[in-house]
Amino acid sequence: MADAAYGLWPLVILNTLLFAVFAAGFFHPRTKRDWRAMGAYSAFLVVLFTEMYGIPLTIYLLGSRLGNRFPLLKDTHAGGHLWNDLTNWQGDPHPSPFHLAGYVALGSGFWLIAAAWKRLHEAARHDELAATGPYAWVRHPQYVGFLLIMIGFLLQWPTIPTLIMFPVLVYVYARLAHSEEREVAKEFGERWDAYAARTPAFLPRHRPVRSTTPPPGPHPAPGQQPQPPRTAVSHHPHTGRSR
């Protein structure tokens with residue numbers, strides 16, 4: 001190796017475990033479906049940190065073809081920041097726009113997972129459906145959080161394997177989300193239909209849409225003040241219950 005930044009297998013293991021445990025602390029996986037979501041994320045981490053500290057496979061594959069055009073594309077740790085190399089960023093790669101944008105995406109992802117879990121925990125206590133907080137913007141904020149974390153890593157350290165894995169993981173999370181929604185629809189019926197109609201699955205609108213249709217239930221007698229609807233908060237992940 002050109003420097004001591006590769007072949008550091010203890011760092012591969014340490015970083016993979018660190019980010020996996022850190023995410024689990026925000027996500028609190030309980031069910032088989034939760035653990036499948038964590039497993040997909042963990043597989044991404046293994047591939048990422050293997051290239052970051054183990055074997056720079058992407059640099060080897062690209063170096064022979066692009067090495068003359070991009071001199072920084074070498075088997076050094078600095079050479080692994082491919083976006084900087086391909087845009088001819090000069091100097092330390094860590095304060096580059098790509099790296100800083102990666103930090104924003106990582107922080108946003110972890111925050112979103114944690115904020116969604118708070119709403120999920122409240123819903124588990126009240127046996128309700130999630131529709132406030134992050135769930136007012138998207139139906140699956142925790143999955144969006146995982147994808148933001150992956151995007152953050154791709155902005156900082158893109159590799160051929162992780163770029164191939166990312167769309168596959170998007171598909172995996174979409175399948176998990178659709179499976180969850182079928183179960184929640186059976187349990188909450190019209191309440192879920194109304195929520196799903198006004199709330200996108202993964203990509204938020206400019207602002208959350210508020211429902212103007214009263215929830216199903218008994219209507220007040222003439223002259224009687226209507227009771228406020230129960231506030232919804234969770235995710236089948238919308239209920240916080242095990243499945």
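Side chains are part of it too, since the values below use all heavy atoms of this structure and drop only hydrogens, waters and symmetry mates. Just so it is clear, the structure is predicted and the values come from calculations on it, not from any experiment. We number each residue from 1, following the sequence as shown.
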- Query: Is a donor on one side and an acceptor on the other found under 3.5 Å between the side chain of R205 and the backbone of R198?
  - Reply: yes

- Message: Test side-chain contact (heavy atoms from CB on, under 4.5 Å) on L112 and Q142; report intermediate values, then the result.
- Response: CA-CA 6 Å; L112 189 57; Q142 290 184 310; over 6 Å; no

- Query: Atom CZ of F202 and atom OH of Y143: how far apart are they, to the nearest 0.5 Å?
  - Reply: 8.0 Å

- Message: Please check: side-chain N/O of S179 versus main-chain N/O of R175, any donor-acceptor pairing under 3.5 Å?
- Response: no

- Message: Donor-acceptor pair, distance only, cut-off 3.5 Å: does the side chain of R139 make one with the backbone of T199?
- Response: yes

- Query: When you look at CH2 of W83, are more than 12 heavy atoms from neighbouring residues, nucleotides or ligands closer to it than 6.0 Å?
  - Reply: no

- Answer with yes or no whether the hydrophobic clustering places L163 together with L45; edges join I, L, V, M, F, W, Y residues whose side-chain heavy atoms lie under 4.5 Å apart. yes

- Query: Is it true that a side-chain atom of T162 and a backbone atom of P158 form a donor plus acceptor pair closer than 3.5 Å?
  - Reply: no

- Message: Working to the nearest 0.5 angstrom, can you tell me the gap between T159 OG1 and L154 CG?
- Response: 7.5 Å

- Message: For the backbone of L57 and the side chain of E51, can you confirm whether one donor and one acceptor N or O come within less than 3.5 Å of each other?
- Response: yes

- Item | Evaluation steps, ring-ring contact (aromatic ring centres under 6.0 Å, His included), between H81 and F98 | CA-CA 9 Å; H81 299 82; F98 294 104; over 10 Å; no

- Which of I149, L169, V172, L147 passes side-chain contact (heavy atoms from CB on, under 4.5 Å) with Y41? Answer is I149

- Query: Donor-acceptor pair, Y173 side chain versus A37 backbone, under 3.5 Å?
  - Reply: yes

- Message: If we ignore hydrogens and angles and just use 3.5 Å, is the side chain of S108 paired with the main-chain N or O of A105 as donor and acceptor?
- Response: no

- Query: Taking H126 for the side chain and E122 for the main chain, is one N or O donor matched with an acceptor at less than 3.5 Å?
  - Reply: yes

- To the nearest 0.5 Å, what is the distance between CG (L14) and CG (L8)? 11.5 Å

- Taking C-beta and beyond as the side chain, do M38 and S42 meet within less than 4.5 Å on heavy atoms? yes

- Task: Could you pull out the closest heavy-atom pair between P204 and V138, with the gap in Å?
- Result: N-CG1, 3.6 Å

- Message: For P141 versus Y135, what's the shortest heavy-atom pair and its separation?
- Response: CD-CE2, 3.3 Å

- Query: Could you state the interatomic distance from NZ (K32) to CZ (R36), rounded to the nearest 0.5 Å?
  - Reply: 8.0 Å

- Between L82 and T58, the two heavy atoms sitting closest are CD1-CG2, 3.5 Å

- In one Ile/Leu/Val/Met/Phe/Trp/Tyr side-chain cluster, 4.5 Å: F27, I151: yes

- Message: Applying a strict under-4.5 Å side-chain criterion to I, L, V, M, F, W and Y, I'd like to know whether F26 and W111 cluster together.
- Response: yes

- Message: Could you report the tightest heavy-atom contact between L106 and G152, atom names first, then the distance?
- Response: CG-CA, 4.1 Å

- Task: List the steps, then state whether side-chain contact (heavy atoms from CB on, under 4.5 Å) holds for E180 with H140.
- Result: CA-CA 10 Å; E180 290 167 356; H140 302 281; 3.7 Å; yes

- Message: For the CH2 atom of W157 and the CG atom of N84, what is their distance to the nearest 0.5 Å?
- Response: 10.0 Å

- Query: Which is it for F188 and E183 under the side-chain contact (heavy atoms from CB on, under 4.5 Å) test, yes or no, and what are the steps along the way?
  - Reply: CA-CA 9 Å; F188 287 96; E183 295 178 12; over 6 Å; no

- Query: Are M150 and V170 connected in a single hydrophobic cluster, I mean Ile/Leu/Val/Met/Phe/Trp/Tyr linked by side-chain heavy atoms less than 4.5 Å apart?
  - Reply: yes

- Message: Would you say that W9 contacts T50 through its side chain, given a criterion of any heavy-atom pair below 4.5 Å between the two side chains?
- Response: yes

- Task: Please answer: with hydrophobic residues joined when any side-chain heavy atoms are less than 4.5 Å apart, are W89 and V104 in the same cluster?
- Result: no

- From L176 atom CG to F146 atom CZ, the distance as rounded to the nearest 0.5 Å: 11.0 Å

- Would F166 and F44 satisfy ring-ring contact (aromatic ring centres under 6.0 Å, His included), going step by step from the backbone distance to the final call? CA-CA 8 Å; F166 182 74; F44 181 90; 7.2 Å; no

- 4.5 Å side-chain heavy-atom contact, R119 and T132: yes

- Message: Please verify the inter-ring angle class for Y53 with F49; under 30° counts as parallel, over 60° as perpendicular, anything in between as tilted.
- Response: parallel

- Does any donor atom in the side chain of H94 or Q156 lie under 3.5 Å from an acceptor atom in the other side chain? no

- Item | Shortest non-hydrogen contact from Y6 toward G54 | CB-O, 3.5 Å

- Quick one: closest heavy-atom pair of P134 and A116, and the distance? CG-N, 3.9 Å

- Task: Taking only Lys NZ, Arg NE, NH1 and NH2, and the carboxylate oxygens of Asp or Glu, determine whether R191 and E128 approach each other closer than 4.0 Å.
- Result: no

